[in-house]
Amino acid sequence: MDDNRYELRGRTDIDRGRRIVRGGGGLRLFAMRLLIVGLGLTLMPGFAAASDALKVTNARVSASDQIGIDLPLLLTIKNDAAEADAILRVRCPFANFSEKHTVDRGEGAPAMRAIKSIPIPENGTLELRQDGYHVMLLQTRHKLVDGETFTCAVVFQKAGTKETEVQVSRTP
């Protein structure tokens with residue numbers, strides 16, 4: 001046998017003692033398994049129930065004649081699930097950023113503090129208000145006219161993303 005030539009017997013390179021993978025089959029098989037597991041998770045009853053058990057209503061922001069300001073997004077969340085959930089992120093088309101806040105009432109005046117998530121109790125209702133939990137929409141991109149509506153995406157830890165219609169009004 002020539003030194004530069006390798007004989008293949010079965011699926012092993014005899015001279016080098018390594019396994020041979022033909023046609024990327026291992027990667028394709030891994031991708032298929034990953035897809036099947038992902039589909040299985042989304043079709044599980046608990047996953048669908050968490051999404052359906054959470055309702056977002058009464059979403060609103062104040063009207064504003066200014067651009068580049070920060071406004072609180074106020075809304076009501078009803079959780080009929082037996083598990084608690086949490087707001088992880090909010091994306092709105094008219095603001096560059098959003099932050100989840102709570103209001104601390106320690107010594108002195110109340111102060112807003114940024115938090116990682118807003119907890120939503122199981123089998124309960126949470127109202128986001130200016131003097132409690134709320135989402136600040138930062139650096140507005142345009143004026144907000146009283147009566148107009150737009151859609152924001154609210155991302156929950158268990159229920160996933162909920163598209164929510166937000167009403168602009170003079171009194172939030």
Under the side chain to side chain donor-acceptor pair (under 3.5 Å) test, which residues partner E122, sequence neighbours left out?
none

Side chain proximity check, V145 to V168, heavy atoms < 4.5 angstrom:
no

By side chain to side chain donor-acceptor pair (under 3.5 Å) - contacts of D104 (at least two apart)
R113

Kindly give the heavy-atom pair with the smallest separation between H134 and P72, and that separation in Å.
CD2-CB, 4.1 Å

Salt bridge (Lys or Arg N to Asp or Glu O under 4.0 Å): which pairs involve residues 138-151, sequence neighbours left out?
none

Between the main-chain N or O of P121 and the side-chain N or O of N79, is there a donor-acceptor pair closer than 3.5 Å?
yes

Under the salt bridge (charged side-chain N to carboxylate O under 4.0 Å, His left out) test, which residues partner E127, sequence neighbours left out?
R60

Quick one: hydrophobic cluster around M112, which other residues, with the 4.5 Å side-chain cut-off, linked directly or via members?
F97, V103, M136, L138

Does any pair with a residue in residues 116-166 pass disulfide bond (SG atoms under 2.5 Å apart), and if so which ones, sequence neighbours excluded?
C92-C152

R89 meets the salt bridge (charged side-chain N to carboxylate O under 4.0 Å, His left out) criterion, sequence neighbours left out, with none

Quick one: side chain to side chain contact (heavy atoms under 4.5 Å, CB included) partners of A109, sequence neighbours excluded?
none

4.5 Å side-chain heavy-atom contact, L74 and Q130:
yes

For a side chain to side chain contact (heavy atoms under 4.5 Å, CB included) check, start with the C-alpha distance between T164 and T151, then their side-chain angles and the critical distance, and finish with the verdict.
CA-CA 5 Å; T164 304; T151 302; 5.9 Å; no

Sorted by chain and number, sequence neighbours left out, side chain to side chain donor-acceptor pair (under 3.5 Å) with R91 holds for none

List for me each residue that meets side chain to side chain donor-acceptor pair (under 3.5 Å) alongside N123, sequence neighbours excluded, and say none if there are none.
none

Heavy atoms of A153 and E163 approach each other most closely as CB-OE2, 3.6 Å

Could you pull out the closest heavy-atom pair between K158 and A84, with the gap in Å?
NZ-O, 3.0 Å

List for me each residue that meets side chain to side chain contact (heavy atoms under 4.5 Å, CB included) alongside S64, sequence neighbours excluded, and say none if there are none.
Q66, I69, L71

Could you name each residue pair satisfying ring-ring contact (aromatic ring centres under 6.0 Å, His included) that touches residues 139-166, not counting sequence neighbours?
F94-F150

Correct closest heavy-atom pair for I67 and T140 would be CG2-O, 3.4 Å

Taking the side chain from K55 and the backbone from I77, do they hold a donor-acceptor pair closer than 3.5 Å?
no

